[in-house]
Every structure is written in structure tokens, then in C-alpha cells.
Amino acid sequence: MIKTAFVTGATAGIGAATVRALVGAGWRCVATGRRQERLDALVAELGADKVHTACFDVRDTAALDAALASLPEAFRDIDLLVNNAGLAQGLSAAQNANLDDWQTMIDTNVTAMVVLTRKLLPQLIARNGAIIAIGSVAGSYLYPGGNVYAGSKAFVNHFTLALRADLHGTGVRVTSIEPGMVETEFTVVRTGSQQASDDLYRGVNPMTGDDIAATILWIATLPPHLNINRIELMPVNQDFAGFRVARND
Ligand code: NDP
Ligand code: 8X3
């Protein structure tokens, strides 16, 4: 039987790669994001029988409800929710940060993610489905300027693990994927600068959206008795040694 995934943030980076990987393995995907032309390109590439698109802002609950209500029959029964849409905005220290950036990250990474998850849980339970969320190493290892992004990703990591406890006995599998540096549009969005993004990833040999998508596909296709709780990935050239001291003299 063909399975169906609901992938948020499918217009770029990890989400777009995930749709390609899942469709390549025979799945159907509901692909979401705010850029219709990117969604249209996925359909042109992969086929309307494999990809249904829903163009909306995940922070807009009414638009989410409309998108869910208008899913065509072939895409209505969701077996896998990939909670991927998210962003960082800014790298300022907390004391200088822009409050609108903070609100945007909380609304997108936290609030929209829990709302969508809550809405899909009944049918995921009914179908013995699965949830895979893209948290981040930023939720575990802190760095200057991470502040609200780090907090929002710690929330994603922990909320996802907490779901496992509530879903005990339902057969629903839940996984928190926590990547380090993946070269996508993430840093362009965070900084507003392609140059800043190029500078960050230069010489690092960072992970790619395809690397994370392959991990998602692997987890999604494991035997149903097996649950990967959390998985942390980094490029070899990134690590987590981050302690600093400030001296008073
Ligand atoms: P990209 O910027 O390439 O992709 C982000 C995706 O999220 C886009 O498809 C974007 O779609 C979507 N999105 C953002 N805001 C909204 C919104 N309000 N409504 C609907 N869709 C939205 O970044 P990545 O692929 O790297 O990021 C995917 C996830 O991975 C994020 O949650 C990020 O925090 C996480 N992550 C990324 C890492 C990295 O190093 N890149 C590392 C660890 C985690 P659109 O703009 O069209 O709406
Ligand atoms: C982003 C991961 O390592 O670029 O979630 O901060 S990192």
C-alpha cells in the first residue's frame, strides 16, 4: 500500500530533499511552504499523482485548517508527519535582539509545530503512523546569538520526545532528528546575506538536505516495532566544544 507523508517546509533545503527522497521510495507527499512556484516545481519534477501541494504560512491556523480540509482523497490519510518548517532569524545577543525576530521564531518553530501535530495526531494514531521532527543541535549545545532559536529547538527536541510518552501503546513512532550544520537556505534566511552563508559553510564540507532526507527515509522505513528516539548528526568538521571563560583582569 502506498504511504503518504505530510512534509512542512518543502520549498527548500531539508524539506524539499525529503519530498524527493520519499517520492523516490514510492511514497506520496503533501508538500507545504509559502512559495507556490517552488511547490509547483516539485509537482512538475515528481508528478501530481505523487505530490500534492498546500501553499500557506504555518502560523496561520485557519489556512492550515483549509489545507487539511481540502486534501484530495489520495493524500488524505497521513502516515508520516515531518515537522520540518522552521527558521532562525538573527544572531544578535539577547540584549540587542529584535523582538519581532523572536516572535517569528517562536510562532513558527514552536506554536505552529504543536498546532499541526495536535491536529494530525488522531489520524496518525488510527493509522499506526509516525512523526519525525527536525530539531537541532542548537537545542543542546549553546552558542552566542542562539538564544531564542536555541530555545525553540530545545522545545522541538523535547516536545517530540514527550510525544513518545503520551503515545505509549498506540504504535505511533516518534523521532527527534537533531542536525548540526546543513547547507540550505537556513543561513541566508537567518542573516539576510548569501555572502554570510557562503562564509559560514566555506571549507566545512557541511551536511546537505539530501543527507538529512536519507536519514528521514531510513527512519520512516524501519520495521514497525523499531523506534529511533533521537538522532544527532553533524558534519565531521563541526563539534561541540564550546566552553569559554571571561577574565576580570
Ligand atoms: P531552509 O531555509 O532551506 O528551509 C526552511 C523551510 O521552512 C522552507 O521550505 C520554508 O518555506 C519553510 N518555512 C519557514 N517559515 C515558514 C512559515 N512561516 N510557513 C511555512 N513554511 C515556512 O532551511 P532548512 O531546510 O535548513 O531548515 C529546515 C528545518 O531544519 C528548520 O526547522 C531548521 O531549524 C532545521 N535545521 C536546520 C539546520 C541547518 O543547519 N540548516 C540544522 C538543524 C536544524 P517558505 O519560505 O517557502 O515558506
Ligand atoms: C542550526 C544548526 O549548527 O547551524 O539548527 O546552529 S547550527
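From a predicted model like this one, the values you see are computed outputs, not experimental measurements. Every number for a ligand or one of its atoms is a count from 1 in the order of the listing.
When only modelled atom types and interatomic distance are considered, Asn229 and Ser176 share no side-chain donor-acceptor pair under 3.5 Å. Side-chain contact, Tyr141 with Gln238: no donor N or O sits under 3.5 Å from an acceptor N or O.
For atom 28 (C) of ligand 1, the closest non-hydrogen atom on the protein side is Asn84 OD1, 3.1 Å. At the shortest separation from atom 12 (C) of ligand 1 among protein heavy atoms lies Gly9 CA, 3.6 Å. Looking at atom 3 (O) of ligand 1, its nearest protein heavy atom turns out to be Glu185 N, 3.1 Å. Of all protein heavy atoms, the one closest to atom 25 (O) of ligand 1 is Ile14 N, 2.9 Å. Nearest protein heavy-atom neighbour of atom 19 (N) of ligand 1: Val58 N, 2.9 Å. For atom 7 (S) of ligand 2, the closest non-hydrogen atom on the protein side is Tyr143 OH, 4.2 Å. Atom 42 (C) of ligand 1 has as its closest protein heavy atom Gly180 O, 3.0 Å. Counting only heavy atoms of the protein, atom 3 (O) of ligand 2 lies nearest to Gln238 NE2, 3.0 Å. Given atom 47 (O) of ligand 1, the protein heavy atom at minimum distance is Thr11 OG1, 2.7 Å. The nearest heavy-atom contact from the protein to atom 4 (O) of ligand 2 is Met181 CG, 3.8 Å.
The shortest N or O to N or O distance between Tyr201 and ligand 1 is not under 3.5 Å. By the 3.5 Å distance cut-off applied to N or O atoms, Pro179 is not counted among the residues near ligand 1. No N or O atom of Gly33 sits closer than 3.5 Å to an N or O atom of ligand 1. Of the polar atoms of Gly15, none of the N or O atoms is found under 3.5 Å from an N or O of ligand 1, judged by distance alone.
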(message) Go through it in stages, so that I can follow the logic: the residues are Asp79 and Trp27, the test is side chain to side chain donor-acceptor pair (under 3.5 Å), and I'd like the CA-CA distance, side-chain angles, deciding distance and then a yes or no.
(response) CA-CA 10 Å; Asp79 300 289; Trp27 292 59; over 6 Å; no
(request) Begin with the C-alpha distance, continue with both residues' side-chain angles, and end with the deciding distance and a verdict on side-chain contact (heavy atoms from CB on, under 4.5 Å) for Asp60 and Leu64. (result) CA-CA 6 Å; Asp60 181 345; Leu64 167 63; over 6 Å; no
(request) Take Ser92 and Asn98 through the test side chain to side chain donor-acceptor pair (under 3.5 Å) and record every step on the way to the result. (result) CA-CA 8 Å; Ser92 299; Asn98 178 318; over 6 Å; no
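With ligand atoms numbered from 1 in the order given, ligand 1 contributes 3 (O), 25 (O) to contacts under 4.0 Å with heavy atoms of Gly13. In summary, the atoms of ligand 1 found under 4.0 Å from a heavy atom of Tyr149, numbered by their order in the structure, are 33 (C), 34 (O), 36 (N), 44 (C). The contact set between ligand 1 and Gly86, taken as ligand atoms under 4.0 Å from a residue heavy atom, comprises 5 (C), 7 (O), 14 (C), 31 (C), 32 (O). Remark: ligand 2 atoms within the under-4.0 Å shell around heavy atoms of Tyr149 are 1 (C), 5 (O). Heavy-atom proximity to Ala12, at under 4.0 Å, picks out these atoms of ligand 1: 3 (O), 4 (O), 9 (O). When each atom of ligand 1 is checked for a heavy atom of Met181 under 4.0 Å away, the hits are 40 (O). Taking every non-hydrogen atom of Ser136 and a distance limit under 4.0 Å, the qualifying atoms of ligand 1 come out as 43 (C), 44 (C).
Heavy-atom distances between Lys153 and ligand 1 reach below 4.0 Å in at least one pair. Residue Ala88 places every heavy atom at 4.0 Å or more from ligand 1. The shortest separation from a heavy atom of Lys153 to ligand 2 is not under 4.0 Å, leaving the residue out of contact. Using a 4.0 Å heavy-atom cutoff, Gly135 is listed among the residues neighbouring ligand 1. For the ligand labelled ligand 1, residue Ala10 lies inside the 4.0 Å heavy-atom shell.
Salt bridge status for Glu178 with Lys153: absent, with no side-chain N to carboxylate O gap under 4.0 Å. Taking a cutoff of 4.0 Å between a charged side-chain nitrogen and a carboxylate oxygen, Asp57 and Arg59 qualify as a salt bridge. Salt-bridge formation is not detected for the pair Arg202/Glu183: no Lys NZ or Arg NE/NH1/NH2 atom is positioned less than 4.0 Å from an Asp or Glu carboxylate oxygen.
No side-chain donor-acceptor contact under 3.5 Å links Arg173 to the backbone of Arg164. Judged by distance alone, with hydrogens and angles left aside, the side-chain atoms of Gln123 form a donor-acceptor pair with the main-chain N or O of Ile78 at under 3.5 Å. In this structure a side-chain-to-backbone donor-acceptor pair under 3.5 Å is missing from Thr11 to Arg38. The closest donor-acceptor contact from the side chain of Asp211 to the backbone of Val182 lies at 3.5 Å or more, if one exists at all. Formation of a donor-acceptor pair under 3.5 Å by the Arg190 side chain with backbone atoms of Gly90 is found in this model. Of the possible polar contacts, none joining the Ser197 side chain to the Ser193 backbone as a donor-acceptor pair under 3.5 Å is found. Counting only distance, with no hydrogens or angles, the side chain of Arg28 and the backbone of Val51 share no donor-acceptor pair below 3.5 Å. Between the side chain of Asn128 and the backbone N or O of Val172, no donor-acceptor pair lies under 3.5 Å.
Between atom 1 (C) of ligand 2 and the options Ala88, Pro235, Gly86, Ser136, the minimum heavy-atom separation is to Ser136. By heavy-atom distance, the residue among Thr184, Asp57, Val7 lying nearest atom 24 (P) of ligand 1 is Thr184. When Thr104, Ile134, Thr18, Val182 are ranked by how near their heavy atoms come to atom 35 (C) of ligand 1, first place goes to Ile134.
Below 30°, between 30° and 60°, or above 60°: for Phe75 and His52 the angle between ring planes is between 30° and 60°, a tilted geometry.
The backbone and the side chain of Arg34 each have at least one atom closer than 4.0 Å to an atom of ligand 1 (non-hydrogen atoms only). At a heavy-atom cutoff of 4.0 Å, ligand 1 is contacted by no atom of Met207, backbone or side chain. When non-hydrogen atoms are compared, ligand 1 lies under 4.0 Å from the backbone of Phe56 (N, CA, C, O) but not from its side chain.
Connection of Val204 to Tyr143 is established within a shared hydrophobic cluster, with ILVMFWY side chains joined at heavy-atom distances below 4.5 Å, either directly or through further cluster members.
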